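Scroll down for the structure; my scribbles are underneath it.
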Protein chains: 2
Amino acid sequence: MTDALKSTRSLNVTEALRELLLQGEFDPGTRLQETWLAERMQVSRTPIREALRVLAKDGLLEYAPNKGYSVRRFSLEDIVSAFRVRSVLEGLGCRLIAERGLSEALRTTLQSTLQSGENLLQSGQLERGEFDEWREMNKAFHLAILLETHNDLLVRFAKQSRNIPIVFNGSFRWYSLREFQRAHDHHQVIFDAMNQQQPERADFMMQEHVMHAAHILKKNYKD
Amino acid sequence: MTDALKSTRSLNVTEALRELLLQGEFDPGTRLQETWLAERMQVSRTPIREALRVLAKDGLLEYAPNKGYSVRRFSLEDIVSAFRVRSVLEGLGCRLIAERGLSEALRTTLQSTLQSGENLLQSGQLERGEFDEWREMNKAFHLAILLETHNDLLVRFAKQSRNIPIVFNGSFRWYSLREFQRAHDHHQVIFDAMNQQQPERADFMMQEHVMHAAHILKKNYKD
DNA sequence: CCCCGGCAAATTGTATACAATCTTTTCCTT
DNA sequence: AAGGAAAAGATTGTATACAATTTGCCGGGG
């Protein structure tokens, strides 16, 4: 029996709370009281406390001994800094893949995501605010590269660097068709560079790609 | 009164346990039972559980719901991968500093650590296995650069990437005088590159510096 | 001999009681 | 009225009791 999806209240609460924080449900600076959360989540303080500690370690909450947890405030500078870190991490991922060459499996996966991107751009749906498919495609592209590196720490850090409210699911809300096209071009060049075993080019273009997203966010984000 | 150093049992246990793990006190794969740890640490299971969860998030322990925690096994490949990640992170740190130029404070700090390195190389103490001062100097050099970036995520990731047993305090045990000299040369070049605002060179040399340490470890580490 | 229910022991997960610390209010002093 | 100790309340930290789940063991059936 495939029971690999077993869980506990503590883990469930952690993910539920994370989602709330990423959605911006709580204003920055808000103090999160354990009893209040426990009541809201319909569990005791024990799993709440474990969740809070984990989320603080993830940088979403701030903690002071004997005083409790509060929602972290992310300045625009914090967010851009996080993008910069992510850019070198994902850049390294591309470099590692390019050095050893694309596996058949990864080539197939990436070509599939590129095709999805192509289709989405043709359909014109992207102008009507239907971002979900694009988001999914984009996530698949970036994650496939990361996983293929087989570098646990790289994957962990790259994932963690996206755990930021408002930004967590991409800044596509501000993308024009032109921007989607540019992102798609980036994806294609990155694929091409890895496919031709050009580590430097793959690394550089991925950094460019990530930092361009940061640039767009910087232009539109009002704090 | 300076009571900024207040703490809790949970935090103390976390750091104590982390230290034990980094020192290799427990064999990889060992299951860490809460009651056993609680007895050994002279506290109840509550702070133990919080510590275990944090250390699992740090990658030092593995966790399975309803089954508990066990000591993670680090293969040589895992360790080298972690070095590669750290190299690009610290490389980015140097790049950022070099781009904006050295602050007077950082220049002073780094020159001080370089002087310490010079003195240690002259004294010949390094051959007698007195690594503590070198370790301290090295840590000060790397940390000063990271902190000056004011990039929280970068600092957090770079610190976290060193949380690996056996390696956590440098692989100086295998350094010959020649190796210490080379490391010192690297430090000087990195400083020079940042001082002359040469981001590319600073980044590259820091990566070289970190990966050279990985190379030495790879040669000597028996698993 | 193997397998596999199922009971018993051990271990983790959760709730709750109690202790320690922090925060707020009160009320006295100046 | 301002300041500040001291008590009352609220909140976090820790221990422990209880529940749920897993693990080990035993015996019966194939």
Side-chain angles (χ1 to χ4, degrees), chain A residues 1-21 25-73, chain B residues 1-21 25-73:
Chain A
M1 193 180 295
T2 66
D3 59 349
L5 34 95
K6 220 168 281 183
S7 188
T8 92
R9 270 174 239 193
S10 183
L11 295 176
N12 291 334
V13 166
T14 304
E15 292 319 307
L17 236 183
R18 163 174 285 127
E19 206 55 33
L20 290 176
L21 289 166
E25 183 76 15
F26 306 107
D27 291 337
T30 305
R31 272 196 56 186
L32 295 183
Q33 292 190 21
E34 298 171 1
T35 53
W36 183 82
L37 280 172
E39 205 167 286
R40 168 164 177 160
M41 302 287 213
Q42 300 279 39
V43 296
S44 80
R45 280 176 56 213
T46 308
I48 295 285
R49 283 177 61 82
E50 295 185 348
L52 290 173
R53 182 143 300 201
V54 168
L55 294 170
K57 199 113 195 40
D58 273 346
L60 287 169
L61 300 176
E62 285 174 350
Y63 169 72
N66 285 310
K67 298 185 94 187
Y69 299 83
S70 56
V71 179
R72 173 172 169 188
R73 178 181 308 279
Chain B
M1 190 183 297
T2 66
D3 59 349
L5 34 96
K6 219 169 281 184
S7 188
T8 94
R9 269 174 241 194
S10 183
L11 295 177
N12 292 334
V13 166
T14 304
E15 293 318 306
L17 236 183
R18 163 175 285 128
E19 205 56 33
L20 290 177
L21 289 167
E25 183 74 16
F26 306 106
D27 291 337
T30 304
R31 275 196 55 181
L32 295 183
Q33 292 191 16
E34 298 171 1
T35 53
W36 184 82
L37 279 172
E39 205 166 287
R40 168 163 178 163
M41 301 286 215
Q42 299 279 40
V43 296
S44 80
R45 279 175 56 213
T46 307
I48 295 286
R49 283 177 60 83
E50 294 184 349
L52 290 173
R53 183 142 300 198
V54 168
L55 294 170
K57 200 115 192 39
D58 273 346
L60 288 170
L61 300 176
E62 286 175 350
Y63 169 71
N66 285 310
K67 298 184 94 186
Y69 299 83
S70 56
V71 179
R72 172 171 170 190
R73 180 181 307 279

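This structure is a prediction, so every number in the text was calculated from the model and none was measured. All chains are named by letter (A, B, ...) in the order of the sequence lines, taking the proteins before the strands, and each is independently numbered beginning at 1.
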**Message:** So Y69(B), base contact, sugar-phosphate only, or nothing? Heavy-atom distance under 4.0 Å.
**Reply:** nothing
L37(B) atom CG is separated from dT12(C) atom P, nearest whole Å, by 9 Å
Exactly one of L37(A), V13(A), N12(A) clears side-chain contact (heavy atoms from CB on, under 4.5 Å) with V43(A), and that residue is V13(A)
Per nearest nucleotide of DNA chain C, the residue lying toward the 5' end, T35(B) or R45(A), is T35(B)
Notebook entry, point to check: Donor-acceptor pair, R31(A) side chain versus K67(A) backbone, under 3.5 Å?
Noted result: yes
**Request:** Check the side chains of R49(A) and T46(B) for a donor-acceptor pair under 3.5 angstrom, ignoring hydrogens and angles.
**Result:** no
Of the listed dG13(C), dT23(C), dT12(D), the closest approach to the K67(A) side chain comes from dT23(C)
note: R31(A), atom CZ; dC22(C), atom P; distance rounded to Å ~ 12 Å
Does T8(B) put a side-chain nitrogen or oxygen below 4.0 Å from OP1 or OP2 of dT14(D)?
yes
Rounded to whole Å, the CD-C1' distance (Q42(B) to dT14(D)) equals 15 Å
Could you write out each protein N or O paired with an N or O of nucleotides 19-21 of chain D at a distance under 3.5 Å?
none

Rounded to 10°, the helix from dC1(C)-dG30(D) to dT30(C)-dA1(D) deviates from straight, judged by its five-pair end axes, by 10°
Separation of dG13(C) atom C1' from Y63(B) atom OH, nearest Å, is 8 Å
Taken to the nearest whole Å, CD/Q33(B) to P/dA10(C) is 11 Å
From CD of E39(B) across to P of dT16(D) the rounded distance in Å is 12 Å
Between T46(A) and P65(A), the residue closer to the 5' end of DNA chain C by nearest nucleotide is T46(A)
Within residues 49-57 of chain B, the residues having a heavy atom closer than 4.0 Å to DNA chain C are R49(B)
